[in-house]
Amino acid sequence: MISASILSADFSHLKEEVTNVITAGADRIHLDVMDGHFVPNLTFGPPVVRSLSKVSRPMDAHLMVTNPEAYLADFAGLGCDVITVHVEAAHHLHKVLTEIRDMGCRAGVSLNPATPAVTLEPVLPFVDEILVMTVNPGFGGQKMIPEVLEKISKIHRMIDASGRGIVLEVDGGVKVDTIAAAARAGATRFVVGSGIFKSSDYGATIAALRKNAALADTIAV
């Protein structure tokens with residue numbers, strides 16, 4: 001599955017960008033919500049998402065914010081079917097994940113590149129999706145950190161051992177020429193920002209991304 005991150009879209013034509021990328025074949029819209037504290041950037045909040053909710057389904061909200069629990073109700077109420085919080089930002093992670101599920105959303109948890117996979121073990125029973133950052137979050141257009149691929153493989157094995165159908169997602173530097181490596185490591189959903197929005201043909205790019213991911217051997221190393 002391909003999730004288009006609007007962080008790299010043209011914000012002066014955001015409605016058209018979202019409509020075009022969905023028409024081009026993106027499976028969902030990925031919302032990188034940043035507060036300027038947890039990460040060194042400030043993006044958008046509920047008012048922008050409220051506007052997008054009129055033209056876009058489904059959406060997943062990636063909350064790169066301090067105190068994410070304060071924003072759960074806002075994004076759940078705007079139609080985000082997945083809400084993802086960071087291991088590093090949620091002081092009471094189990095409680096936050098439970099609250100997300102109680103709101104009728106899928107609960108996601110994300111890890112920064114330097115955060116070890118072992119931090120997920122206590123919350124695996126309460127997680128529906130795991131988002132592994134392959135760049136340091138805050139800005140789009142960065143190159144994938146290849147050393148994180150080993151961590152993706154480890155998390156893939158953890159998911160298999162749990163017996164649960166947890167979605168393993170990767171975000172950061174995913175492009176036509178890097179998606180296969182992430183797929184081989186075990187990822188099944190890919191967040192793509194500049195790799196789509198900086199291309200001249202969204203449809204052709206998404207098709208190429210999907211082809212390269214499908215051709216990869218997805219057995220974790």
Original post:
With hydrophobic residues grouped by side-chain heavy-atom distances under 4.5 Å, do Ile152 and Leu209 end up in a single group?
Top reply: yes
**OP:** Verify the cluster assignment for Val167 and Leu93: are they in a single hydrophobic cluster under the rule of side-chain heavy atoms below 4.5 Å apart?
**Re:** no
Subject >> Main-chain N/O of Asp81 paired to Arg28 side chain as donor or acceptor, under 3.5 Å >> reply: no
Original post:
Under 3.5 Å, is there a donor-acceptor pair between the side chain of Ser5 and the main chain of Val192?
Top reply: no
Subject >> Exam field: side chain Asp35 to backbone His37, donor-acceptor pair closer than 3.5 Å >> reply: yes
Original post:
Is it true that a side-chain atom of Asn212 and a backbone atom of Val176 form a donor plus acceptor pair closer than 3.5 Å?
Top reply: yes
Subject >> Side chain Arg164, main chain Val127, donor-acceptor under 3.5 Å >> reply: yes
**OP:** Taking all heavy atoms of Pro116 and all of Leu111, pick out the closest pair and write down the distance.
**Re:** O-CD2, 3.4 Å
Original post:
Is there side-chain contact between Ile130 and Val132, with at least one heavy-atom pair below 4.5 Å?
Top reply: yes
Original post:
Taking all non-hydrogen atoms of both residues, which atom of Tyr202 and which atom of Glu17 are closest, and how far apart?
Top reply: OH-OE1, 2.7 Å
Subject >> Heavy-atom closest pair, residues Gly172 and Thr134 >> reply: O-OG1, 2.6 Å
Original post:
Looking only at heavy atoms, which two atoms of Thr205 and Gly195 are closest? And how far apart?
Top reply: CG2-O, 3.2 Å
Original post:
How are the rings of Phe11 and Phe44 set to each other: parallel, tilted or perpendicular (split at 30° and 60°)?
Top reply: tilted
Original post:
Which pair of heavy atoms, one from Leu97 and one from Ala107, lies closest together, and at what distance?
Top reply: O-CB, 3.8 Å
Original post:
Does the distance from a Lys or Arg side-chain N to an Asp or Glu carboxylate O, for Glu129 and Arg189, drop under 4.0 Å?
Top reply: yes
Subject >> salt_bridge(Lys154, Glu150) N-O dist < 4.0 Å >> reply: no
Subject >> Min side-chain heavy-atom separation Ile145-Asn136 under 4.5 Å >> reply: yes
Original post:
Under 3.5 Å, is there a donor-acceptor pair between the side chain of Glu99 and the main chain of Leu72?
Top reply: no
**OP:** Show your reasoning for whether side-chain hydrogen bond (donor to acceptor under 3.5 Å, both in side chains) applies to Asp60 and His62.
**Re:** CA-CA 6 Å; Asp60 65 270; His62 179 191; over 6 Å; no
Subject >> Side chain to side chain, Pro68 and His86, heavy atoms closer than 4.5 Å >> reply: no
**OP:** Mark yes or no for whether Glu169, through its side chain, and Val191, through its backbone, hold a donor-acceptor pair below 3.5 Å.
**Re:** no
Original post:
Is there a donor-acceptor contact under 3.5 Å from the side chain of Asp27 to the main chain of Ser3?
Top reply: no
**OP:** From the options Leu120, Asp128, Leu124, select the one residue that forms a side-chain contact (heavy atoms from CB on, under 4.5 Å) with Ile166.
**Re:** Leu124
Subject >> Backbone of Glu16 reached by a side-chain donor or acceptor of Thr19 within 3.5 Å >> reply: no
Subject >> Connected via hydrophobic side-chain network under 4.5 Å: Ile159 and Val109 >> reply: yes
**OP:** Look only at the side chain of Ser8 and the backbone of Ser194, and say whether a donor-acceptor pair between them is shorter than 3.5 Å.
**Re:** yes
